[in-house]
Amino acid sequence: MIKPRTRLLEFPDNRLAASLFGEYDRHLKRIEEGLGVEIIPRGNVLAITADAEGWRRTKRLLSELYALLTRGEAVDMSRVEDGLRVLGQTPVDGKGAGADSEEDGEDAAAPGGEWLPPYGDALAIPTPLRTIRPRSLRQADYVQCLQETTLTLAVGPAGTGKTYLAVAMAVHAFLNRRAARIILTRPAVEAGERLGFLPGDLQAKVDPYLRPLYDALHDMLGVDRVDKMMAQGSLEIAPLAYMRGRTLHEAFIILDEAQNTTPEQMKMFLTRLGEGSQVVAAGDVTQIDLPRGQVSGLVQALSILHDVEGVRVVTFTEADVVRHPLVRRIVLAYQRAEGERRRP
């Protein structure tokens, strides 16, 4: 077993190094916690105490984050969390896979090298107000799937970017004329509420259920452009019931909260697919709000369509949660509680 050893890692630009370390070295402290190493800053030089594997991972993360800064990109705590998440999902090799000597660790991942897939420009999704990039390896796989597949079923816990990335791809497809319109829909199912009890006309009644979709569009297009597209008919945000009887050509269609569809609704939705269209159905099968005993259309679709040509299933886990780190811990706690409840 190789004992921890202190090595130095230097960054040429003092200004960029300060941004890399974070205010009051908060980025370094998070990396210490996440990788189990000790980091002591000395100006633009870091003294890193770690074993060979810890050194490889720490050097890789810091070097690639520094490379982002040299390209003019910002590095904040979310970037640090993304890097830690990716390193937790990917082996980091030295001169070869499984390298375990200290010498191998010395030369691994020189500063300025290419980052792992989530930071690659090939999977970046440019939209008018921001460029969306995958923030985990599973998100990178998901984006690649959305680029290639006609029907995608995305399943996983809250905060994994299932709907947000799909909306980004829809916006990108529309702006590049690969889709003539965007259609976003979700079932109007909520615990303890009915549409008829809410004030206003039908649009006012359904808007609260569709608000997450509006939020994502506003992030990427802005309020004025979203309103203009809706007025022109190139953007439609509607409850799932509005899909019945339609055939949707040349459209990018997204079904959010798909776990709250009935089998009949899911079949109806999936058969709306017309020529030149693409469909994404996203949901979390652990948060089904249907009446007790009612089968979820998403759960049924996963069992029926998993081996159908042209259909891809992407399954996210708690490791892909990209919201506040506490969200990931909450998801894990609920999963443990559910496992204990089911245990005989």
For Glu275, does the CD atom have more than 12 heavy-atom neighbours from other residues, nucleotides or ligands under 6.0 Å away? no

Run the side-chain contact (heavy atoms from CB on, under 4.5 Å) check on Arg312 and Leu153 step by step: do they pass? CA-CA 6 Å; Arg312 287 275 301 277; Leu153 302 178; over 6 Å; no

Less than 6.0 angstrom from the centroid, inside 45 degrees of the normal: does Arg211 satisfy that with respect to the ring of Tyr214? yes

Using the rule that two of Ile, Leu, Val, Met, Phe, Trp, Tyr join whenever any of their side-chain heavy atoms come within less than 4.5 Å, decide whether Tyr242 and Met266 are in one cluster. yes

Nearest 0.5 Å, what's the CG-OG distance between Leu302 and Ser296? 8.0 Å

Out of curiosity, does Met77 fall in the hydrophobic cluster containing Ile39 (side-chain heavy atoms, cut-off under 4.5 Å, transitive links)? yes

Residues passing the salt bridge (Lys or Arg N to Asp or Glu O under 4.0 Å) test with Glu33, sequence neighbours excluded, are Arg30

Considering only NZ, NE, NH1 and NH2 on the basic side and carboxylate oxygens on the acidic side, decide whether Asp82 and Arg79 come within less than 4.0 Å. no

From CA spacing to verdict: side-chain contact (heavy atoms from CB on, under 4.5 Å), Tyr334, Ile330: CA-CA 6 Å; Tyr334 272 95; Ile330 290 172; 3.7 Å; yes

Using the side-chain contact (heavy atoms from CB on, under 4.5 Å) rule, take Trp55 and Ile48 through it: C-alpha gap first, then chi angles, then the decisive distance, then the call. CA-CA 7 Å; Trp55 162 248; Ile48 302 171; 3.7 Å; yes

Residue pair Arg181 / Leu248: nearest heavy atoms and the distance that separates them: NH2-CD2, 3.9 Å

Same apolar cluster: Val155 and Val295, side chain cutoff 4.5 Å: no

Which pairs, with at least one residue in residues 270-320 and sequence neighbours excluded, count as a ring-ring contact (aromatic ring centres under 6.0 Å, His included)? Tyr142-Phe316

If the threshold is 4.0 Å, N to carboxylate O, is there a salt bridge linking Glu64 and Arg60? yes

Please test Leu217 against Leu235 for side-chain contact (heavy atoms from CB on, under 4.5 Å), starting from the C-alpha separation and ending with a verdict. CA-CA 10 Å; Leu217 286 166; Leu235 171 63; 3.8 Å; yes

In short, Phe174 meets Ile182 closest at the heavy-atom pair CB-CD1, 3.8 Å

Quick one: list whatever passes salt bridge (Lys or Arg N to Asp or Glu O under 4.0 Å) with Glu236, sequence neighbours left out. Arg246

Can you name the side chain to side chain donor-acceptor pair (under 3.5 Å) partners of Asn14, sequence neighbours left out? Asn44

Charged N to carboxylate O below 4.0 Å: is that the case for Glu264 and Lys267? no

Quick one: closest heavy-atom pair of Arg186 and Pro212, and the distance? NH1-CG, 3.1 Å

Listed pairs under 3.5 Å, donor-acceptor, residues 278-286 side chains, sequence neighbours left out:
{"unit_1": "Gln278", "atom_1": "NE2", "unit_2": "Leu146", "atom_2": "O", "d": "2.6"}
{"unit_1": "Gln278", "atom_1": "NE2", "unit_2": "Thr149", "atom_2": "O", "d": "3.2"}
{"unit_1": "Asp284", "atom_1": "OD1", "unit_2": "Thr286", "atom_2": "N", "d": "3.0"}
{"unit_1": "Asp284", "atom_1": "OD1", "unit_2": "Thr286", "atom_2": "OG1", "d": "2.7"}
{"unit_1": "Asp284", "atom_1": "OD2", "unit_2": "Thr286", "atom_2": "OG1", "d": "3.1"}
{"unit_1": "Asp284", "atom_1": "OD2", "unit_2": "Gln287", "atom_2": "NE2", "d": "3.1"}

What pairs meet the salt bridge (Lys or Arg N to Asp or Glu O under 4.0 Å) rule with one or both residues in residues 165-178, with sequence neighbours excluded? none

Hey, what do you get for CG (Leu20) to OH (Tyr66), rounding to the nearest 0.5 Å? 8.5 Å

